[in-house]
Amino acid sequence: AQSVTQLDSQVPVFEEAPVELRCNYSSSVSVYLFWYVQYPNQGLQLLLKYLSGSTLVKGINGFEAEFNKSQTSFHLRKPSVHISDTAEYFCAVTSMDSSYKLIFGSGTRLLVRP
Amino acid sequence: NAGVMQNPRHLVRRRGQEARLRCSPMKGHSHVYWYRQLPEEGLKFMVYLQKENIIDESGMPKERFSAEFPKEGPSILRIQQVVRGDSAAYFCASLLGQNTEAFFGQGTRLTVV
């Protein structure tokens with residue numbers, strides 16, 4: 001069965017500092033990976049996705065992620081965060097193995113301090 | 001092109017009543033996911049629907065919960081005889097097809113009193 005692990009429930013960081021949010025997955029087949037952001041009392045917005053091709057994926061708002069098949073990871077990074085990046089971030093995976101249902105990690109709360 | 005519309009945004013029901021949550025997908029989208037989110041938790045998969053077909057309902061509770069996505073009209077998540085534990089935010093997402101981007105609605109926040 002497929003699963004997603006986000007080990008960090010909360011990541012505090014100062015404004016303009018770099019940040020990395022970790023995501024690891026388990027699956028026996030090829031996967032498609034996503035990062036979503038959720039602001040308070042809102043739905044989820046797609047930040048970026050990996051379907052195939054280059055393992056370095058660039059998304060919106062200056063975020064990027066790198067797919068590492070050997071380490072089964074898809075960590076999210078931003079070189080310099082803003083106060084407005086404070087939100088909940090979810091990693092998600094789908095594959096043929098799970099009949100293409102989208103499975104989410106438990107989320108990481110990014111808290112950007114001035 | 002309007003986004004995914006969920007209504008109502010907020011729903012209050014007394015224990016034992018029925019809750020009906022609606023999700024209108026984006027134009028042209030024939031696939032819908034439903035998720036439940038408890039406070040301070042992630043999204044738990046409930047059901048994956050294609051028009052007139054249930055693809056995967058492995059996340060749906062065996063009793064009281066049902067979902068449909070008819071040929072015409074919105075997808076409906078129905079919860080019968082609600083209990084306090086059903087209080088949560090329910091999100092739907094629509095997709096053009098498998099392995100395409102899922103677009104999420106704003107959610108319905110169900111409160112059972």
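In the text below, chain A, chain B and the rest are named by the order of the sequence lines, each starting its count at 1.
Closest approach of B:Phe45 to A:Ile103, counting heavy atoms only: CB-CD1, 4.4 Å. When all heavy atoms of B:Phe91 and A:Gln38 are compared, the closest pair comes out as CZ-NE2, 3.4 Å. Shortest non-hydrogen contact noted between B:Arg109 and A:Gln42 is NH2-N, 3.8 Å. The nearest pair of heavy atoms linking A:Asn41 to B:Arg9 is O-NH2, 3.6 Å. Nearest heavy atom pair, residue B:Glu41 against residue A:Phe90, reads O-CZ, 4.3 Å.
The contact between B:Gln37 and chain A is made entirely by side chain atoms (from C-beta outward), counting heavy-atom distances below 4.5 Å. Proximity to chain A (any heavy atom under 4.5 Å) is shown, for B:Gln106, by both the backbone and the side chain. Residue A:Leu51 touches chain B through its side chain alone, counting heavy-atom pairs closer than 4.5 Å.
For the atom pair B:Thr100 OG1 and A:Lys49 NZ, the distance stands at 8.0 Å (nearest 0.5 Å). Rounded to the nearest 0.5 Å, atoms CD (B:Glu101) and CZ (A:Phe34) are 8.0 Å apart.
Residue A:Gln10 places its CD atom among more than 12 non-hydrogen atoms of other residues, nucleotides or ligands, all under 6.0 Å distant.
For the set B:Gly107, B:Ala102, B:Ala89, B:Ala93, the count of heavy-atom pairs under 4.5 angstrom toward chain A peaks at B:Ala102. Ranking B:Ser58, B:Gly59, B:Gly42 against chain A, the residue ahead of the rest is B:Gly42, based on heavy-atom pairs under 4.5 Å.
By the 4.5 Å heavy-atom criterion applied to side chains, A:Leu102 and B:Leu95 are not counted as neighbours. Looking at A:Gln45 and B:Phe104, their side chains never come closer than 4.5 Å, going by heavy atoms from C-beta outward.
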